Amino acid sequence: MKYWIAKLVVFIVFLCNLLLISYDAKAEQLTQPDIEQLSPLPVVEIAVAENDRGEKPQEDFWRFRELVKGAQKLQGLFTIYKRENSGEVFLEIKPEQLNKNYLATVTLESGVGESGIYSGSPLADYLFYFRRVNNNLHFVVRNVKFRTETGNPEQRSLARSFSDSVLYSLPINTIDPRSRNILIDLDDLLMQDFAGLTPLLKYSLQADYHLERNKSYFGDVNSLPENLEIESIYGFSSAEGADLVTLPDRRSLTLKLHYSFSQLPENNGYIPRLADDRVGYFITAFQDFSNHNNQEPFVRYINRWHLEPSDPNAPLSPPKQPIVFWIENAVPHAYRQAIQEGVLMWNKAFAKAGFANAIEVRQMPDDADWQPADVRYNTIRWFNSLDAGFAKGPVRVNPLTGEILDADIIIDANMVLSVQQEYRALMDDNSSLGMCRGKEAGGRRQEAGGRRQEATEEYLIPQSPIPNPLSPFSPNPQSELCYSQNTSEQAAMGALALSLLHNTKPSSEAMQEYVHQYLRYLVAHEVGHTLGLRHNFHGSTMLTPQELNNVEITRIKGLVGSVMDYLPVNIAPQGVEQGDYFPEVIGPYDEWAIEYGYKNSPHGVDEVITPAEEKDFLQQIALASPQPELSYATDEDIWDINPLANLWDMSSDVLVYSQWQMDNARVMWQRLDDHYLPPGESYSHLRVLFNRVLKYYFRNAALLSKYIGGQSFRRTHVSDDSAWAFVPVPLDKQRQALAELQEYVFAEDAFSFSPKLLNQLAPSRWQHWGSSVPNNRLDYPIHERVLNFQRYILRSLLDNERLHRIQDIELKTPTQQALTLPELFDTLQQGIWTEVLTTPQPKPISSIRRSLQREYLDILLEMVLHNLDAPEDGRTIAWYELRQLQTAIDTQLRQLGKQGDIYTLAHLQFSRDRITKALNAQLVSQ
C-alpha cells in the first residue's frame with residue numbers, strides 16, 4: 001500500500017511541474033519551438049540538491065526556470081532576461097558563444113560638463129571572449145599583438161609566450177542542462193566598475209569617488225541580432241568631493257554609460273590593406289611570426305571602412321553599403337546644414353577613388369527609438385560643457401583586420417559659442433544671428449567667460465601642441481583629440497578681425513557665413529579622422545601667400561593641401577580683398593589619401609586576394625608622394641624644428657604669412673584703442689580682446705623661430721630622383737627670420753601701446769560659480785606679458801638641442817651655406833644690445849629692453865658657468881660674446897659719465913659687474 005501511495009505522490013508532483021512549466025512559458029510568451037525543447041527532470045534528480053561539499057550544482061533546470069520566471073525575454077545576439085520590478089538583468093550565453101570573439105565598446109553618455117568628464121566621450125574598446133572555468137565565467141580580453149598563420153606549429157609557442165587579460169571572473173548562476181546555456185547576473189559584470197570610472201574620476205577630478213551599488217541601476221537594454229545595447233546609470237559618492245562648480249552638491253554625482261557588445265563581421269569579403277608611411281592613416285599593427293625571413297617583423301593594416309562598389313566594372317559606382325552619418329537630434333537646427341556640408345565634402349575624394357556618393361548624411365528623428373551610442377549608427381553629437389572646447393572623431397575598429405565598424409563625432413557647443421560671443425561685441429544688442437543663441441545660452445557663456453578669461457591670460461605663451469599622454473581623453477591609436485580650444489580661439493580671432501581690420505561692423509549675414517565656413521571645416525576635419533586619416537600638418541603649405549585669397553584657386557584646387565591640418569583663420573593682409581576664411585573643398589592630399597585607402601585593386605569580381613597581393617597596386621599610388629601638394633607630416637613629426645610642419649601656420653612661405661598677421665594684429669590693437677567697444681560694454685571685454693590679439697601675435701612670431709636651425713623632413717622612399725629625407729632651411733631664409741624676430745619681438749618699438757589702452761584693460765568682477773575674480777594684480781601686467789614671450793623665443797633660439805642641430809647642419813650643408821653658432825649669437829647680441837653696441841650716441845634704455853637684455857645676459861652667464869646645457873662650442877661663443885659686451889658697456893659708461901638716467905646707468909653698471917665676476921670666476925667642470 002505504501003508503495004502505491006509513494007508512486008501516486010511522485011505522479012502528482014510530476015503533473016504539477018508540467019503545469020508550472022506551461023504557465024511559465026505562457027507568461028514569458030515563449031514560442032512553440034521553445035516549449036517543445038523544454039523537458040522536466042525526474043524528481044529523483046531534483047532531490048540530489050547538494051554534493052558532498054554542500055555546493056549546489058551549476059546545471060540546474062529548475063533554478064534556471066526560477067531565475068527567468070516572469071522576466072521580460074529579449075532575444076538577439078545574446079538573450080537577456082530583465083525584471084522590471086527588481087531591476088535584475090540576466091545574460092544567457094550559448095555554448096557556441098564561448099571562446100568566440102566579440103567587440104565591447106563603452107561610451108560615457110552623460111558627464112559633469114567639466115574637468116574631462118564630458119558627455120559622448122569614448123571610454124574603452126575591448127576585443128573579448130567568454131570562457132567557462134569550472135563554475136565561473138571569465139571575461140577575457142584577447143591579445144591580438146602577436147599572430148601566426150593558422151596551423152603553424154608556432155601557435156603553441158605564442159599561446160605560452162603571451163597572455164590574454166582576464167578582466168573578470170563571474171559566478172555562473174545556473175546552466176540549463178538541456179541547452180547547456182549559461183545564465184549570469186549582469187550585475188556581476190557591469191556593476192563592479194567595468195569601465196574603470198573610479199580611477200578616471202580620481203585622475204580627472206582629483207578626488208576619491210566610490211561607486212554606490214544602491215544608487216546604480218540598468219536603464220534601457222536592447223538585444224538585437226548583431227549587437228547588445230545596455231545603458232547603466234552609476235551613482236558615485238565622496239566624503240569631500242571635487243572642486244566642481246557644475247554640480248549642485250560636490251559630494252555626489254551620477255554618470256550614464258552605454259555598452260555595446262557586438263559581433264565581429266566574418267566572411268564579409270573585407271580585405272585588410274597594408275599601410276604606407278607616406279600616407280597618413282591610423283593603423284592596426286601586429287607582430288607576425290609566420291615568416292622569419294621577413295626583414296620587417298610587423299604587419300601594419302590601415303584602418304578603413306569596408307566599401308565595395310555595386311558595379312566593380314564601372315569607373316564610378318555607388319557602394320553596396322554607403323557610410324551613413326546621422327546628425328544627432330540634439331544639434332541646434334542652425335548648424336545642421338554646415339555639418340552636413342562638412343561631411344559630404346569627402347564625396348569628392350571618394351569619387352576619384354571610384355565611388356559615387358560613398359557618404360550619406362541623415363537626420364536623427366526627434367522620436368528615434370535608438371541611442372546615438374548604439375554601435376549600429378555613426379553619429380555627429382553635440383554636448384555642452386563649462387570648459388571643454390574641443391571636438392573629437394573616434395572610431396571603433398576590428399583589431400584583427402583594421403576594418404572601421406563605428407564612428408561617433410562629438411562637438412562641444414563652446415566651439416561655436418566662442419565665435420558668437422565675439423559677435424555679441426560686434427553688433428548691437430538687438431541684432432540676432434538666428435542661431436538659437438537665446439538668452440539662456442548667452443547667459444551661460446557669459447558666466448563661463450570669467451574662468452576662460454583667466455585661462456586665456458595664463459596661456460598667452462604658445463603651449464606644447466600635444467596633450468598630457470596620461471589623460472584618459474588623450475589621442476590613442478584609433479583617434480586623435482583635436483586641440484580645439486586653440487581652434488575656437490582662432491575662430492574667435494577671425495570674428496574679431498571681421499570688424500577690426502575693415503573698420504566696419506559686419507552684417508549678420510556676413511557673420512553667419514563666417515560661422516558656417518568654420519563649422520563646415522571643423523566637421524570635415526573630424527570626419528577625416530573617422531575615415532581613418534591622421535593629422536597632416538604639412539597640409540597648410542600648398543599655396544603661396546599671394547594665392548591664399550584668390551577664390552578662383554582656393555575653391556577649385558583648395559585653400560590647403562589637406563583639411564587634416566590645424567588651420568588658422570585665413571585673414572587677408574591690409575590692402576588685399578578677403579577670400580575664404582576656411583577651406584570650402586578638401587585638398588589634393590585628402591583625395592590622394594582616400595584613393596590609397598579605398599580604391600579597389602584590379603582583380604576579378606569573385607577573386608579572393610590577400611593584402612600582400614595588393615602591394616604593387618598600392619605602391620603605384622604611393623609613388624606620387626614627392627609631389628609638394630601631397631606632403632605629409634603628422635603629430636610625431638612636429639616636435640622637430642620643421643618650418644613646414646606646424647600647427648596654425650599657412651602658406652608655403654610662413655615668413656611672409658606671419659609678418660602679414662603680426663601687421664594685422666598691430667592694426668587691431670590700434671582699432672581697439674580707438675573706442676572699439678559699444679557704449680555700455682564692460683572694459684573687462686576689452687581685456688579679453690586685447691589678450692586674444694596678443695596671443696595671435698605671439699603665435700605667429702613663434703612660427704618664425706622654426707626657421708633657425710630648421711630643416712624640412714619628408715617621408716621619402718628611395719627613388720630615381722634621389723630625394724633627401726632632410727633638407728636644411730636655406731641660409732637666406734634663416735637670416736630673414738632672425739631679422740623679422742628682431743623687428744617684431746626684440747626691437748624697442750615692437751610693443752608700443754598707449755597709456756589709455758593699457759589703463760582700460762580691466763578684469764572681470766563677476767564673482768560666482770564658473771566665474772572667479774583673480775587674486776593677483778588687477779591692472780594689466782604688461783611688462784610680465786611681453787617679457788614672458790620674449791623669454792620663450794630667446795631661450796628656444798639658444799636651446800641646447802637647437803645649438804647641437806645648428807652644429808650638425810654645418811656638416812650637412814655645403815661650405816658657407818649654413819647658419820653658424822657665431823653668427824646666431826652675434827646677430828642676437830647686436831639686436832638685443834643695440835643701444836650699447838651700434839647706437840652712435842648714448843641713449844636711455846627702455847624698461848622692456850632692459851628686461852630683455854637681462855634675460856639674454858642670464859642665458860649666456862648660465863652657459864659659461866655650466867648652469868645650462870649647451871655644446872662646448874656654444875659655451876665658448878657665449879664667453880666670447882660676453883667679453884665683447886663687457887668692452888662695449890665699459891665704452892658706453894665712459895661716454896655717459898654721470899649724465900645718463902639712473903635706470904640706464906644702474907642697468908649697465910650691474911650688467912658689467914655680473915659679466916666681470918662670471919668671467920673671473922673659477923670654472924668647475926660639471
Side-chain angles (χ1 to χ4, degrees), residues 265 268-284 299-325 343-360 378 395 397-398 401-405 407 524 527-534 536 539 557-558 561-564 585-627 629-632 715 717 719:
N268 64 346
Y270 178 79
I271 302 172
R273 180 155 289 186
L274 294 173
D276 189 296
D277 68 334
R278 293 167 289 184
V279 192
Y281 274 87
F282 294 114
I283 60 174
T284 293
V299 175
R300 302 177 181 92
Y301 295 148
I302 66 171
N303 295 343
R304 62 176 187 145
W305 294 88
H306 183 202
L307 279 185
E308 293 181 291
S310 55
D311 183 359
N313 298 318
L316 186 64
S317 168
K320 292 180 180 179
Q321 182 65 45
I323 305 168
V324 179
F325 279 95
V343 178
L344 296 179
M345 278 171 65
W346 287 95
N347 273 336
K348 178 184 176 185
F350 280 103
K352 290 199 171 183
F355 291 97
N357 300 318
I359 303 180
E360 295 180 3
N378 312 308
V395 297
V397 174
N398 183 339
T401 64
E403 180 184 357
I404 298 177
L405 306 174
V527 170
H529 283 319
T530 65
L531 298 176
L533 298 181
R534 296 194 64 189
N536 181 5
K557 184 177 182 179
S562 173
V563 297
M564 302 312 297
V585 296
I586 60 172
Y589 168 86
D590 301 321
E591 297 176 2
W592 174 66
I594 291 298
E595 180 185 10
Y596 182 92
Y598 290 91
K599 186 175 183 178
N600 277 273
S601 57
H603 59 274
V605 177
D606 299 322
E607 183 182 355
V608 178
I609 64 173
T610 65
E613 290 173 319
E614 281 194 322
K615 191 169 184 179
D616 289 341
F617 163 73
L618 297 175
Q619 281 294 312
Q620 291 303 311
I621 299 175
L623 283 176
S625 67
Q627 298 178 25
E629 60 192 22
L630 304 183
S631 299
Y632 166 62
R715 296 168 178 254
H717 290 196
S719 60

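The structure presented is a predicted model; accordingly, all values stated were derived computationally and were not measured.
- Ser562 is not listed as a side-chain neighbour of Tyr632, based on a closest heavy-atom distance of 4.5 Å or more.
- The NZ atom of Lys599 sits 12.0 Å away from the CD atom of Glu614 when rounded to the nearest 0.5 Å.
- Asn536 contributes a side-chain N or O that, together with a main-chain N or O of Ser631, makes up a donor-acceptor pair within less than 3.5 Å.
- The two residues Ala407 and Val395 make their nearest non-hydrogen contact at CB-CG1, 3.8 Å.
- Within the 4.5 Å cutoff, the side chain of His529 has no heavy atoms near those of the Arg534 side chain.
- Side-chain contact between Leu531 and Tyr281: absent, with no pair of heavy atoms (C-beta onward) separated by less than 4.5 Å.
- Ala622 meets the side chain to side chain contact (heavy atoms under 4.5 Å, CB included) test with Asp276, Arg278, Tyr596; sequence neighbours excluded.
- Exactly one residue among Val299, Ile302, Thr610 makes a side-chain contact (heavy atoms from CB on, under 4.5 Å) with Leu274. That residue is Val299.
- One side chain, Asn303 or Thr284, offers a donor N or O that lies under 3.5 Å from an acceptor on the other.
- By the 4.5 Å heavy-atom criterion applied to side chains, Asn600 and Pro312 are not counted as neighbours.
- Here the side chains of Ile359 and Pro322 are not in contact, with every heavy-atom distance at 4.5 Å or above.
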Apply side-chain contact (heavy atoms from CB on, under 4.5 Å) to Phe282 and Val397, showing your working. CA-CA 10 Å; Phe282 294 114; Val397 174; over 6 Å; no
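- Across every non-hydrogen atom of Leu307 and Pro319, the tightest pair is CD2-CB, 3.8 Å.
- Inter-residue side-chain proximity for Phe355 and Pro318 is flagged as unmet; no heavy-atom pair is nearer than 4.5 Å.
- Every residue meeting the ring-ring contact (aromatic ring centres under 6.0 Å, His included) condition with Phe350, not counting sequence neighbours, appears here in chain and number order: Tyr598.
- Between His306 and Tyr270, the angle of the ring planes goes over 60°, which puts this pair in the perpendicular group of the 30/60° scheme.
- Side-chain contact check for Trp346 versus Ile323: every heavy-atom pair is 4.5 Å or farther apart.
- Under the 4.0 Å criterion applied to side-chain N and carboxylate O atoms, Lys352 and Glu595 are not assigned as salt-bridge partners.
- In plain terms, the two heavy atoms of Phe617 and Pro602 that are nearest each other are CD1-CD, 3.5 Å.
- Annotation: Lys615, atom NZ; neighbour count of heavy atoms from other residues, nucleotides and ligands within 6.0 Å does not exceed 12.
- Annotation for Ile586 and Asp590: closest pair CB-OD2, 3.6 Å, computed over non-hydrogen atoms.
- Here the straight-line distance linking atom CD of Glu308 with atom CD of Gln321 works out to 10.5 Å at 0.5 Å rounding.
- From Leu630, atom CG reaches atom CD1 of Ile621 across 12.0 Å, with rounding to the nearest 0.5 Å.
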Pair Trp305, Asn378 - check side-chain contact (heavy atoms from CB on, under 4.5 Å), show working. CA-CA 12 Å; Trp305 294 88; Asn378 312 308; 3.2 Å; yes
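- Among residues two or more places apart in sequence or in another chain, the side chain to side chain donor-acceptor pair (under 3.5 Å) test is passed with Ser310 by Ser317.
- Classification of Glu403 and Arg304 as a salt-bridged pair fails, no side-chain N sitting under 4.0 Å from a carboxylate O.
- At least one side-chain heavy atom of Leu405 sits under 4.5 Å from a side-chain heavy atom of Pro265.
- For the atom pair His717 NE2 and Ser625 OG, the distance stands at 7.0 Å (nearest 0.5 Å).
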